[in-house]
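Only one structure is covered here, and it is reproduced in the block below.
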Amino acid sequence: MRRYLYLAHRWLGIALCAFMAMWFVSGVVMMYVGYPKLTPAERLAAAAPLALPVGAAPLSTIFAAPGRSTAPREIVLATVGGQPRWILDYGKAGRVAVDAVSGTPVSPTGPQHAALSASAWARGATVDYVDSVDEDAWTHSRALDAHRPLHRVDVRDEAGTRLYVSSRTGEVVRDATRIERTWNWMGAWIHWLYPFRGGSIDAAWHDIVVWVSVAGTLLAATGLVVGVWRWRFGRPYSSGARTPYHDRSRRWHHVAGLIFGAVATTWIASGLFSMNPWRMFTSPAPPLDTAAFTGGDLTAAAWVLSPTDAIHHLVSLGFEVRELELRRFDGKGWYVAYNGSGASRILAATPDARPVERLDPVVVAHAGARLVPNARVVRTMVLDGYDAYWYARASHTMTGHVERRLPVVRLVFDDPYGTWVHLDPATASVAGRLDRLGRVKRWAFAFLHSVDWWPLVSRRPAWDLLLIALSIGGAAISVTGVVIGWRRLRGTVPVVRRVVPPLSATGVSGTTR
């Protein structure tokens, strides 16, 4: 058994050690430069103030314009290319843009309008239209599928920003600065094995990541076992050392493996868990009953107060509106408005309503209790601070684009799946769901992979120093493994010298070999 473990570790190391070193180094890069994304804060900061004329098309016209038989999942009013435009999201059925003034669907965006939209987003900066692509190194996200093909437009600014404009709606849907594009070749692009994304091999990307991670986990685990076996905890070797290795690379590989081997194993295994291999974290729980929470579909009849009047009312109270979202909650129509700093106001769609920062958490919790049929709410919490399951990350991180507002209402249900639901009183929406499997994945991936433990994440640079130290340890294991593997392939690995104890039963003296 030991021989097979040695051989497995040796040849897995020869195949994967350079790869593992790349994973540790690229992980450090990702701590400070994330994969390009357009966060809500960036989008709102770049958006122009909404200005909807009195004669704008009524909501009944807007809802009917796409000619769909189903109601949209979301509908937002924003300024696109200097013009007010409704964006209707039908989920997998795609997104439709409707001119807010005329009420007619917007044609697919061509190069000229893409450049105009990019220039408006960049506050009038000079832009250069590059081309149209379905997918490139910075647009692998499946969230962009509804916008493909994408127009690439370069902004002549100091940051060297490249914008990606939706051909379906004309929106700017991604930005990537020169620094992000440069560092990501050594960061997320290589860390997530994105060389295997796109083209004919895209379908195999998930399986490639999974099986490479499985092999890496086996490499680290077998190395940890072998390292413990080879370490002398009692009587040292004849050299006086606890390790049998005389050459520097093997000795450091052995020691680094003992110190950081457990970390390396859990890091690679947790990276595997992020891919949800074999759907091990896929919950069998039925979807939430969002219709019971909202009280109906998005239909024009629920909004008595017109969008023009709602914007005028909010502006008269000193709230500059950059985006206006239609929200159905508890059977009524609501407007959720956002300004350039990301602050929001919620306003009932009735003439006598006044905007507020958030709804009463008790009212939101009452409606949320209907989200899980045939289950009771056994605990209701209003979180005013972050905890282990509700916390924010820096905007450049993998989950940094997901808003984690406070306060938030947490409902704990007694259903068989241990469902938790988070509700945002500021937007009258479901902000997240966690069942038992989701909470297991939170620890198996987020905690083990990036130490997402709020008391530590919120105390930087302590978090940085810990992860960098652990990454250096993992890189030391990998780099010394590369040296050993290279020597093995060249046939120049030094022989391990050990003393064979005397055979007392025969009286034969031990020999050195």
Problem set entry | The single option from Leu52, Ile311, Leu324 passing side-chain contact (heavy atoms from CB on, under 4.5 Å) against Pro84 |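 Option passing the side-chain contact (heavy atoms from CB on, under 4.5 Å) with Pro84: Leu52.
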Problem set entry | Approximate separation, where rounding is to 0.5 Å, of Asn184 CG and Ile190 CD1 |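 Result: 11.0 Å between the selected atoms.
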For this session: Hey, could you give me the CD1/CZ distance between Ile268 and Phe24, rounded to the nearest 0.5 Å?
Result: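 Separation between the atoms: 5.0 Å.
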In terms of side-chain geometry, is the basic nitrogen of [X] or [Y] positioned less than 4.0 Å from the acidic oxygen of its partner?
X	Y	value
Glu42	Arg174	no
Arg95	Glu171	yes
Asp289	Arg370	no
Arg376	Asp415	no

Checking [X] against [Y]: charged group under 6.0 Å from the ring centre and within 45 degrees of the axis?
X	Y	answer
Arg68	Tyr90	yes
Arg442	Trp454	no
Arg197	Trp205	yes

Problem set entry | Side chain proximity check, Trp267 to Trp23, heavy atoms < 4.5 angstrom |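 Result no, sub-4.5 Å side-chain heavy-atom pair not found.
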Exercise. Are Tyr386 and Ser458 side-chain neighbours, meaning at least one heavy-atom pair lies under 4.5 Å?
Worked result: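 Result no, sub-4.5 Å side-chain heavy-atom pair not found.
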For this session: Applying salt bridge (charged side-chain N to carboxylate O under 4.0 Å, His left out), name anything that partners Asp128, two or more places apart in sequence or on another chain.
Result: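 Per chain and number, Asp128 pairs via salt bridge (charged side-chain N to carboxylate O under 4.0 Å, His left out) with Arg156.
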For this session: Give every residue pair that meets the ring-ring contact (aromatic ring centres under 6.0 Å, His included) criterion with at least one member in residues 399-441, sequence neighbours excluded.
Result: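 Listed by first then second residue: Tyr389-Trp420, Trp390-His422.
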